[in-house]
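Not measured: the values here are computed from a predicted model. Positions are given from 1, in the same order as the sequence printed here.
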Amino acid sequence: MAVAIVALILLWGAFTLYAAGQPLLGAIILGLTTGFVVIFGSDRFYGSRFIFPGIAAVLVFIAFPVIYTIYIGFTNYSSSNLLTYPRAVEVLTARGTVDQSTEQPFAVARDGDEYRIWLPESGLLSDPVPLTEEGTAALSPADAPEALLDRREAVALREGLARLTLETPEGQLIRNAGLRSFALVVPDYVQTGPDQLTRSDGTVLTADHRAGFFRTEDGVAVPPGWRVNVGLANFERIFTSQGIRGPTVEIFVWTFVFAGLSVLLCFSVGLLLAVILQWQHLRYKPVYRVLLILPYAVPSFISILVFRGLFNQNFGEINLILDALFGLRPNWFTDATLARTMVVIVNTWLGYPYMMLLAMGFLQSVPEDHKKAAVLEGASSIRVFFTITLPQIIPPFLPLLIAAFAFNFNNLVLIFLLTRGLPDIPGTVIPAGRTDILASFTYRLAFDNAGQQFGLAGAITLLIFVVVAVISYANFVAMRRAAARRAGRTL
């Protein structure tokens, strides 16, 4: 019974998604529904019941977004190309210009649950209409209705009036031209062929299905456009347009530098502090541990906003101190080098407590006998650390360092809250900043720009996905080979 109820709910969800214009997601839900019924409806697949929820979550929340984003990268999807072709035609042909010479006042009369429109100048009264959906009502000569709504009540019906078209006895169509009048609306575009529109001035527009726009005879594109598959055009723009390739390459290099520096500094600072806290003669260790872990306990977005205020060029405490001590007021947010330095500093502050906690645990696993033997041989404390302690904690640290690198490679929150990618890179045709990493660059391109270019952002996202996949695979191979070498030395 429970399986049937859940299956019906999923089927309803799949149908709703399909009706809402999301056939692919609807098909995925339908497939999951089929799998759910087969697996949970039969004891033969009892073992699969434990892994099915995980597989379903991966398909819906990981696989589908990735595949859809990759698909977007091969289209012209943007703020100018949001619609389908039929919808674009509908929007263009629905545009009209009010003929002010035909404007005439109107009044509204209630007729049961419906309404009538009264035009006093021409003495015409409409048939009853509900004003809840788009429709057309015929006008005919009649006397004025007895009970007319006052202006305030008529204004409350403005949304329904805007959807209403009135047909005069002569066959003319008039529409609501404001809060006080109806008038003849001349359509700006008329469809005169399967892929052809004619503008009110006689200009002929032809559909260009390769670009997703109607174009005039001179080749001028007329928005809105529609979504079409453009193949590798977005990737060609990335690699051939200097205004896109230049900032993309610079941001790509900076992303690697930022992620690498962040991991190196967080690891170094965290490990150094962990070693200090392991010192036997250090007093008040619990107090220091609490103080050093505080940056990890405070939500990162709060810390980032606090640092944004501290680094304020005019009123921030950091510049006030530097000015008082050295007479310096660095331009943290307008100088590219200083802005990048600030980003790395803040990210190190946010990341070192995690590395410190891990290091405190890994240091406990290093045998004290090895250290004592090295000291007896005359090795200094620094040499003991680099020849005995560090080589033993690096192997368990390595997967975590790789994960930290991958996290910082896509650390959108830090860049977005601290600098928003600024200062901008001059001479670009797309929004790009000196402190942008690939994730923030893609976000600005897709969502934080007047000319939102989802297709281009999808293409860049695919490139990021490939790069991260290659890096992850290379790290995996390196770790496997290192493990094999250690096993061989052990044998």
Check your understanding: Taking everything shown except Arg210 itself, do over 12 heavy atoms lie less than 6.0 Å from its CZ?
Key -> no
Review point. Does CZ belonging to Phe235 count more than 12 external heavy atoms closer than 6.0 Å?
Key: yes
Check your understanding: Does atom CG of Asp113 have more than 12 heavy-atom neighbours, drawn from other residues, nucleotides or ligands, at distances under 6.0 Å?
Key -> no
Check your understanding: Given the side-chain rings of Phe333 and Phe311, with only the six-membered ring counted for Trp, is the space between their centroids under 6.0 Å?
Key -> no
Exercise for review: For Asp335 and Arg340, run salt bridge (Lys or Arg N to Asp or Glu O under 4.0 Å): C-alpha distance rounded to whole Å, both residues' side-chain angles, the deciding distance at 0.1 Å, then the answer.
Suggested key: CA-CA 9 Å; Asp335 183 271; Arg340 288 174 173 174; over 6 Å; no
Check your understanding: Honestly, is Arg420 close enough over Phe416, meaning NZ or CZ under 6.0 Å from the six-membered ring centre and within 45° of the axis?
Key -> yes
Review point. Quick one: are Arg163 and Leu131 in side-chain contact, heavy atoms under 4.5 Å?
Key: no
Point to revise | Derivation of the side chain to side chain donor-acceptor pair (under 3.5 Å) call for Tyr85 and Asp195 | key: CA-CA 10 Å; Tyr85 174 68; Asp195 287 329; 2.7 Å; yes
Review point. Going by an N to O cut-off under 4.0 Å, is there a salt bridge joining Asp201 and Arg199?
Key: yes
Check your understanding: Under 6.0 Å from the CD atom of Glu121, do we count more than 12 heavy atoms belonging to anything else shown?
Key -> yes
Point to revise | Distance-only polar pair, side chains of Asn229 and Thr75, donor-acceptor under 3.5 Å | key: no
Review point. Does Thr255 reach the main-chain N or O of Ile437 with its side chain, forming a donor-acceptor pair under 3.5 Å?
Key: no
Practice item. Give a yes or no on whether the backbone of Asn408 and the side-chain of Asn411 come within a donor-acceptor separation of less than 3.5 Å. Key: no
Check your understanding: Do Phe45 and Phe40 come close enough that some side-chain heavy atom pair is under 4.5 Å?
Key -> no
Check your understanding: Do the two ring centres, one from Phe256 and one from Phe409, sit under 6.0 Å apart?
Key -> yes
Review point. Ion pair present between Arg180 and Glu103, side-chain N to carboxylate O less than 4.0 angstrom?
Key: no
**Study point:** Flag side-chain contact, heavy atom, 4.5 Å: Asn81 against Phe454
**Key:** no
Review point. Will you find, in the side chains of Thr69 and Thr461, an N or O donor that is under 3.5 Å from an N or O acceptor?
Key: no
Check your understanding: Any side-chain donor paired with an acceptor under 3.5 Å for Thr240 and Glu236?
Key -> no
Practice item. Indicate whether any N or O donor in one side chain lies under 3.5 Å from an N or O acceptor in the other, for Thr97 and Asp188. Key: yes
Check your understanding: Roughly how far, to the nearest 0.5 Å, is CG of Leu205 from OG1 of Thr216?
Key -> 6.5 Å
Check your understanding: Do Thr102 and Ile174 come within less than 4.5 Å of each other through their side chains, counting heavy atoms only?
Key -> no
Check your understanding: Would Arg110 and Tyr115 count as having a side-chain donor-acceptor pair, cut-off 3.5 Å?
Key -> yes
Practice item. Determine whether the side chains of Ser122 and Gln104 contain a donor N or O and an acceptor N or O closer than 3.5 Å. Key: yes
Check your understanding: Can you name the side-chain contact (heavy atoms from CB on, under 4.5 Å) partners of Glu317, sequence neighbours left out?
Key -> Leu310
Could you give the side-chain donor-acceptor pairs of residues 16-28 under 3.5 Å, partners two or more places apart or in another chain?
{"unit_1": "Thr16", "atom_1": "OG1", "unit_2": "Trp12", "atom_2": "O", "d": "2.8"}

Point to revise | Lys/Arg N to Asp/Glu carboxylate O, Arg175 vs Glu167, below 4.0 Å | key: no
Check your understanding: Around Asp143, counting heavy atoms of other residues, nucleotides and ligands shown, do more than 12 lie under 6.0 Å from its CG?
Key -> no
Study note, to complete from the structure: OG (Ser126) and CD1 (Ile117) are apart, to the nearest 0.5 Å, by 5.0 Å
Check your understanding: Do Pro295 and Pro353 come close enough that some side-chain heavy atom pair is under 4.5 Å?
Key -> yes
Practice item. Check whether any side-chain heavy atom of Leu173 sits under 4.5 Å from a side-chain heavy atom of Val185, and report yes or no. Key: no
**Study point:** Derivation of the side-chain contact (heavy atoms from CB on, under 4.5 Å) call for Tyr189 and Thr198
**Key:** CA-CA 5 Å; Tyr189 299 93; Thr198 301; over 6 Å; no
Review point. Can the ring centres of Phe214 and Trp226 be said to be less than 6.0 Å apart?
Key: yes
**Study point:** Check: Val155 main-chain N/O paired with Arg158 side-chain donor or acceptor under 3.5 Å
**Key:** yes
**Study point:** Arg237 side chain reached by Leu456 side chain, heavy atoms, under 4.5 Å
**Key:** yes
**Study point:** Any donor-acceptor N or O pair under 3.5 Å, side chains Gln452, Arg444
**Key:** no
Practice item. Supply the atom-to-atom distance Ile321 CD1 to Leu328 CG, rounded to the nearest 0.5 angstrom. Key: 13.0 Å
Point to revise | Donor-acceptor contact present, side-chain Asn319 to main-chain Gln313, <3.5 Å | key: yes
Check your understanding: Could you state the interatomic distance from CG (Leu463) to CD1 (Ile238), rounded to the nearest 0.5 Å?
Key -> 5.0 Å
